[in-house]
Each structure stands twice: as C-alpha cells, then as structure tokens.
2 protein chains.
Amino acid sequence: MATIKELAKCCGVSVATVSNILNNKPGASDKTRKLVLEMAEQLNYTPNIVAKNLKMQKTRSIGVIAEDMTIFSIPDIIDGITDYCQKQEYQILLTNLRLFKKYNDTYYNKDDYYELVRQEIKKLMEKQVEGIIYVAAHERVIHCIPENLPIPAVMAYGYSKSRKIPSVVVDDVSGAAAIVTYLLDQGHKKVGVITGKPDSLHAQARLVGYQQVLFQNKILYDPGLVAEGDWTRESGYRCAAELLEKGVSAIFAMNDLMAGGVYDRVEELKQTIGNEISVAGYDDRELSGYYHPPLTTVSLPLHDIGYKASEWMIELLNGGELEHTEDNVCAVECMLLIRKSVKNIK
Amino acid sequence: MATIKELAKCCGVSVATVSNILNNKPGASDKTRKLVLEMAEQLNYTPNIVAKNLKMQKTRSIGVIAEDMTIFSIPDIIDGITDYCQKQEYQILLTNLRLFKKYNDTYYNKDDYYELVRQEIKKLMEKQVEGIIYVAAHERVIHCIPENLPIPAVMAYGYSKSRKIPSVVVDDVSGAAAIVTYLLDQGHKKVGVITGKPDSLHAQARLVGYQQVLFQNKILYDPGLVAEGDWTRESGYRCAAELLEKGVSAIFAMNDLMAGGVYDRVEELKQTIGNEISVAGYDDRELSGYYHPPLTTVSLPLHDIGYKASEWMIELLNGGELEHTEDNVCAVECMLLIRKSVKNIK
DNA sequence: TTGTACGCGTTATCAT
DNA sequence: ATGATAACGCGTACAA
C-alpha cells in the first residue's frame with residue numbers, strides 16, 4: 001500500500017516521473033522506467049483512485065438503483081449492466097431500494113417512494129457517479145428521476161416518458177407475435193389468450209402482438225377468446241376452464257405462471273398438454289422448464305436490457321447525442337423458446 | 001452542484017465556518033448558521049464525497065464480489081448485505097465475476113479463477129473500499145482471498161478456512177435435522193434419502209443431520225436407504241425408483257429439484273405425493289411452491305447470511321475483535337416450511 | 001529527461 | 001465567533 005510519493009523516494013526520482021511512467025506517458029528514460037516499474041511491483045504500489053478521481057474530476061463509476069434485488073427480473077438486468085461496464089472499466093455503485101420488501105406488491109402504482117428515490121439519487125451524486133441507471137422490476141411509466149438531473153440517466157425495464165432519459169424495454173409486441181405465429185404455424189386456428197392485469201403495459205403490448213398476427217393471417221379477432229387473468233396461477237386455471245369450453249385448441253398465456261394454471265385445468269380434465277391441448281407461456285421463468293411437458297415460452301432479454309442500458313449510458317457519457325429515436329425508447333427483442341407443450345396438428 | 005467554496009463566498013464567510021455548520025460543529029452564531037443552511041438549500045449545495053473521502057482517509061464503502069449474479073442464491077444474499085449496509089450508511093461497490101457465464105458449471109472445482117479474483121480485489125482496494133465481502137454461489141472451501149489482505153474480508157456462503165476471514169454459512173445439519181424430525185413426527189419410520197453430489201459440503205452436512213435425528217430416535221441407520229443423486233431432477237427420479245422399491249414411506253430429497261424427480265416417479269406409479277408417499281425437499285426454490293401438492297421443504301436463510309456477513313464486516317471495521325468462535329464460522333439456521341407433501345400416518 | 005508547484009473539495013488546526 | 005492555511009494523493013503544466 002505504498003503511495004506514489006514513497007515510490008518516488010525509493011526510486012530517487014520525482015513523483016512526476018513516476019506518474020508519467022505509470023500512465024505510459026513519454027519522456028522518461030528506459031532505465032528509470034524499468035526501475036520504477038520494478039520498484040512499484042516490489043513495494044506493491046496501489047494507486048489511490050479516490051485521489052485520482054478528485055484530481056481528474058471523473059470517477060468512471062455509475063450508480064445503479066434497483067427497485068428490489070429479489071424480484072426475478074432484476075439480477076439478470078444487473079448482470080447485463082456489469083457485463084458491459086466491466087468491459088468499459090466502469091465501477092457500479094449499487095443501491096437496492098428493497099421496494100418489494102417494504103411496500104409489498106403495491107408500490108408500483110403509487111408515487112410514495114419517489115421521494116426515497118430522489119434521496120438515493122442525491123447520495124449517489126454526492127459520490128460523484130457520472131450517470132444513473134434505474135432498474136425497474138416491472139415495466140411501467142416511472143417519473144421518479146428528476147427531469148433536471150445534471151448527469152445522464154437511463155431507465156431499464158421501464159418508461160421514463162422523458163426525452164432526456166432513454167428507456168430500454170422489452171419488445172413485447174414482437175415477442176407475443178412470434179409465439180402466436182408459431183402457434184398458427186403448428187396448425188392451430190382457434191387460439192385463446194389469457195391476459196395479465198389490464199393496466200399492465202406488458203399485457204397490453206402482448207395483446208397487440210396477438211392481434212397483429214391474427215390480422216396478418218386474416219383471422220377474425222374474437223374478443224370472446226380473450227380471458228382476463230391477473231398473472232397468478234389461479235387465474236390461469238380459471239381462464240383456462242373458460243376458454244376450453246369455447247373449444248380452443250391452443251392457449252397463449254401471458255406468463256408462465258398462468259400457463260401453469262392451464263396445466264392444472266387440463267390435468268383435471270384428464271387430458272394432457274401437448275396432446276389434446278397446446279399451451280404457450282411468456283417470460284421463461286425457471287420453473288417453466290420443469291412443467292410436464294416443458295413449456296414452450298418466450299424468454300425475456302433481461303441481460304440484453306441491462307447491457308443495452310449501459311451501452312447507452314456510456315455513449316451518453318462520451319458525449320453521444322440523444323437522438324436515436326423520437327422518444328428514446330429501445331425495445332429489445334425476445335427469443336422464442338420451443339419446448340414440448342405445443343402440438344403440431346396440421 | 002455548488003461547492004463549499006462557492007457557498008462560502010455567497011454567504012460572505014470562510015469555508016471553515018461553512019464546514020463547521022454543515023457538520024453540526026459548535027462555534028458559529030445562530031445567525032450565520034441559519035444563513036449558511038438557507039443558502040446551501042438555495043444553491044443546491046452538494047458535498048463532494050470524493051474529496052471528503054480523500055481528506056478523511058475513509059470511504060464508508062465496501063466491495064462486494066459476487067461469483068455470479070444469476071445464480072439463485074446470490075441476489076438474496078446481496079439483498080441482505082444492502083439491507084444492513086444501508087442502515088449503517090455504507091456504500092456497496094459491486095463486482096460481478098460472472099463465473100457461471102464464463103466457466104459454466106465447472107468453475108468451483110478449479111482454482112483458475114483465483115487470479116481473476118485477486119485482480120478484482122486489487123481494483124477494489126485501489127478504490128479504497130474498507131472491506132470486502134465475497135459471495136459464493138455454493139458452499140465450499142474457497143481460498144481466493146489472500147491471507148495478508150490489509151483490510152477485513154468476510155466470506156458469505158463459503159468457507160475461507162482462515163482464522164482471519166470469517167465465514168457465514170447455512171446450518172445444514174440443523175436444517176436437515178428439522179425436516180427429518182418433522183417426517184418422524186408424522187409417523188414415518190422408514191425414511192429414504194436422496195443426497196447431492198458426495199463431494200458437496202451441503203450434501204455431507206445434510207446427511208449428518210439425518211443421521212443425528214435417527215440416532216436421537218433410536219432408529220438404526222440403514223445405508224441402503226441413502227441413494228446418491230447429483231442435484232438434478234433426473235437423479236431424483238432415478239433414486240426415487242430405487243428407494244420406493246425398498247418400501248420407504250417418505251423420502252427426504254436434499255434439494256427441491258430432486259424432490260421434483262420423486263414426484264415424477266410417483267406419478268408414473270399412479271400414486272400421489274402426500275398420500276401413498278411423502279416427500280420433503282430442501283432450498284425452497286420458487287418452483288417448489290407450484291408442485292402438486294406444494295412441497296414441504298427447508299428455506300435457506302440467504303438474506304440473513306448476507307445480513308450477518310455485513311454485520312460482522314462492520315463490526316470488524318469498528319475495531320471489533322475476531323474471536324467469536326474458534327474457527328470464525330457462523331452457521332445461520334434454516335426454516336422449516338410445511339406445505340402439503342407430507343402425510344401424517346400416525 | 002526530470003523536477004517544482006499547483007489545484008481538485010474537503011476537514012482540522014491554530015490563529016485572531 | 002470566524003478565518004487562513006495545511007494537509008489528503010494524485011496528475012499535469014511548465015520550468016530547468
């Protein structure tokens with residue numbers, strides 16, 4: 001833990017020379033260069049980045065504010081953030097809001113916690129982070145980042161609805177379109193849908209994807225085949241019962257949990273998924289791979305959202321312009337994950 | 001983003017006075033105190049913590065090195081760390097090794113990555129973190145933290161095997177004992193076990209828990225009732241077939257995945273879990289709550305491990321002594337989670 | 001090729 | 001009650 005001063009003294013040169021050598025600047029003889037480098041190794045010289053940051057007025061650090069680490073979507077997004085930031089040698093300062101633990105499932109309809117976020121942003125700025133990435137647990141419009149923030153901010157998995165704050169989200173429309181297309185390709189003509197809560201942006205976009213595909217295939221949109229779930233397995237069970245009576249051959253559940261509810265109902269009817277009835281889910285939750293049979297679903301590009309958000313962040317930091325799209329929203333594509341729950345009935 | 005200098009100038013006082021007032025030090029008239037406070041608000045004064053850290057030679061920050069954010073155990077541990085650290089006003093610098101992504105499932109038998117860890121530790125130390133918490137994905141002995149680290153370190157969910165580096169782990173013995181006791185209490189006399197890989201510390205400890213309870217209940221330990229799994233669902237299925245033929249009435253699977261394999265086998269035999277056969281798992285993975293019937297299992301104290309690790313860390317930082325136990329290992333208790341997969345046959 | 005001096009924003013010491 | 005100034009460790013003009 002020697003400082004640059006001590007190192008200079010040991011080498012019998014000035015700190016300036018040491019600094020130049022350590023930073024690969026020209027103007028030092030090979031002899032002193034070698035001496036200093038060796039001595040640095042020997043003394044286990046450890047630069048003090050805090051001092052460097054103060055001097056440089058840069059920290060190469062960004063603050064990451066996560067709504068709740070324990071929600072399944074968050075760790076993968078953060079993984080994507082760390083992936084890119086490590087390559088770019090940026091340090092992450094992590095703030096975990098623990099919203100779910102504090103407010104349970106209700107917080108994301110309220111603004112109570114906006115003040116909390118502002119405080120945390122302030123603390124992060126005092127620590128001289130160069131930018132802030134806010135990581136939401138579910139997509140929705142979130143106004144907790146002040147408009148006049150003097151440093152760049154990016155919203156991951158949520159909509160800032162601000163020209164100055166880019167948003168990186170899931171392309172739910174194309175994801176839903178992909179899986180419904182697959183269903184039709186397998187010969188299914190009458191495809192029921194189990195939606196999420198109607199005020200959810202995810203649910204709305206996924207429904208649009210479904211409708212688009214029907215239109216492209218010249219199939220009439222029958223609202224009677226759209227059952228309103230609430231993301232829970234129970235609601236999937238209930239909606240499945242309803243849709244099955246209407247004679248659908250396949251069901252698109254807007255998440256894997258509700259798809260599990262479909263399994264429950266079908267089992268109750270002594271039928272089997274992938275035979276009499278086909279099911280597709282959404283999200284690629286870990287458990288869906290263990291269903292019987294494994295669920296065909298759509299995997300969320302969570303890592304890529306984090307990755308993209310930090311790419312955008314660092315581009316901003318490097319003076320990039322904010323004119324990607326009109327509203328600065330980047331929708332990342334999902335991936336279709338074909339397993340065993342859909343039967344080809346052609 | 002005014003600095004203390006600008007604030008001082010605006011107030012017509014010296015920086016020293018401003019500093020004193022801002023830090024609630026005595027020696028300033030109420031009048032100037034009020035003036036400065038108001039002016040700070042008005043100018044939106046934001047202290048530069050980097051400068052403060054340099055001056056104070058303290059950062060109130062700790063480095064958290066996670067083996068891989070996307071492994072299920074890690075986010076909850078980090079949640080526990082952030083929980084306590086926020087209360088103590090310590091900042092987390094996060095380093096995500098992404099070991100699983102880089103090396104797949106094989107890394108934790110090798111030492112290849114030790115060098116990587118050392119580099120990351122060095123980077124963190126350059127940033128003047130006051131301590132380091134290493135968060136492992138699975139319990140095992142890990143020697144990647146140098147013995148002669150000049151700052152305190154704590155190992156979460158792993159064993160450092162070093163007197164100087166405390167370890168916080170799961171109390172697998174008592175966890176297994178709790179669930180086996182429960183099984184016996186429900187009237188089961190012949191309880192089969194499906195273990196994890198034999199070199200796993202988790203598997204070894206859980207087996208000891210099982211053996212202890214048999215001993216306490218004066219039941220002979222029959223090695224024939226112990227089947228060796230490898231944590232996968234398939235191995236659970238295989239071992240279940242084997243144990244069921246030996247006439248066990250209940251099976252303790254050492255993780256929820258393998259318990260799922262037991263469900264598979266029982267289903268195949270046209271029997272049902274919670275009736276003809278009882279099953280208990282371990283880990284409380286999310287999916288286990290969705291089994292039919294929901295799995296009785298043991299929940300891992302992941303949050304508490306993180307919380308305890310940071311408690312210990314900060315105690316060390318405050319000059320606490322390292323003499324808690326002889327080997328400085330803290331084993332945190334699990335919680336029995338009774339659901340529907342075990343039948344009372346008394 | 002190398003060294004001196006200064007500044008980054010803050011706190012602490014010592015005057016006044 | 002308040003102010004001037006020296007640190008903290010580093011990088012960088014500019015001088016030698």
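Lettering of chains follows the sequences in order, A, B, ..., and the numbering in each one begins at 1. Small disclaimer: the values here were computed from a predicted structure and weren't measured.
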(message) Report for the helix from C:dT1-D:dA16 to C:dT16-D:dA1: angle between first-end and last-end helix axes, five pairs each, rounded to 10 degrees.
(response)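 Taking the rotation axis at each end, their angle is 50°.
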So, is [X] close to the [N] phosphate, meaning a side-chain N or O under 4.0 Å from OP1 or OP2?
X	N	value
A:Y45	D:dC10	yes
A:Q128	C:dG9	no
A:Q57	C:dG9	yes

(request) Could you tell me the separation between the CD atom of B:Q91 and the CG atom of A:L94, rounded to the nearest 0.5 Å? (result)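 B:Q91 atom CD to A:L94 atom CG measures 7.5 Å (nearest 0.5 Å).
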Could you tell me how far apart [X] ([atom1]) and [N] ([atom2]) are, to the nearest whole angstrom?
X	N	atom1	atom2	value
A:L22	D:dG11	CG	C1'	11 Å
A:K9	D:dG9	NZ	P	13 Å
A:K5	D:dG11	NZ	C1'	13 Å
B:N48	C:dT11	CG	C1'	13 Å
B:L7	C:dG9	CG	C1'	13 Å
A:E6	D:dC10	CD	C1'	13 Å
B:L54	C:dC8	CG	P	14 Å
B:K127	D:dG9	NZ	C1'	17 Å

Is [X] salt-bridged to [Y], cutoff N-O under 4.0 Å?
X	Y	value
B:K34	B:D30	no
A:K9	A:E6	no
A:K123	A:E120	yes
A:E67	A:R140	yes

(message) Distance criterion of 3.5 Å, no angle test: do you see the side chain of B:K55 paired donor-to-acceptor with the base of C:dT11?
(response) yes
(message) Under the criterion salt bridge (charged side-chain N to carboxylate O under 4.0 Å, His left out), I'd like the reasoning laid out for B:D68 against B:K101: C-alpha separation, chi angles, the key distance, then a yes or no.
(response) CA-CA 8 Å; B:D68 194 313; B:K101 294 284 174 74; 5.3 Å; no
(message) I need the single residue from B:V36, B:I21, B:T32, B:T17 that forms a side chain to side chain contact (heavy atoms under 4.5 Å, CB included) with B:C11. Which is it?
(response) B:V36
(message) Going by side chain to side chain contact (heavy atoms under 4.5 Å, CB included), A:Y159 matches just one of A:V168, A:V141, A:I165. Which one?
(response)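 Output: one option passes, namely A:V141.
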(request) Find out whether B:M313 and B:Y90 are in side-chain contact, i.e. whether some heavy atom of one side chain is under 4.5 Å from a heavy atom of the other. (result)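 SC-SC contact between B:M313 and B:Y90 ruled out.
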(request) Using the closest heavy atom to pick a nucleotide of DNA chain D for each, name whichever of A:K52 or B:I21 lands nearer the 5' end. (result) B:I21
(request) Using a cut-off of strictly less than 4.0 Å between a heavy atom of the residue and any atom of DNA chain D, enumerate the qualifying residues of residues 23-41 of chain A by number. (result)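 Listed by number, they are A:N23, A:K25.
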(request) Check DNA chain D against residues 13-20 of chain B and give the residues with a non-hydrogen atom under 4.0 Å, in numerical order. (result)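 Within residues 13-20 of chain B, the residues near DNA chain D are B:V13, B:S14, B:A16, B:T17.
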(request) Look at atom NZ of A:K52 and say whether more than 12 heavy atoms of other residues, nucleotides or ligands are closer to it than 6.0 Å. (result)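 It does not: A:K52 NZ has 12 such atoms or fewer within range.
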(message) Quick check: closest heavy atoms across B:I92 and B:T82, and the distance to 0.1 Å?
(response) CG1-CG2, 4.3 Å
(message) For A:A2 versus A:L43, what's the shortest heavy-atom pair and its separation?
(response)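 So the minimum-distance heavy-atom pair works out to CB-O, 4.0 Å.
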(message) So if I take every side-chain heavy atom of B:I4 and compare against D:dC10, C:dT11, D:dG11, which nucleotide ends up nearest?
(response) C:dT11
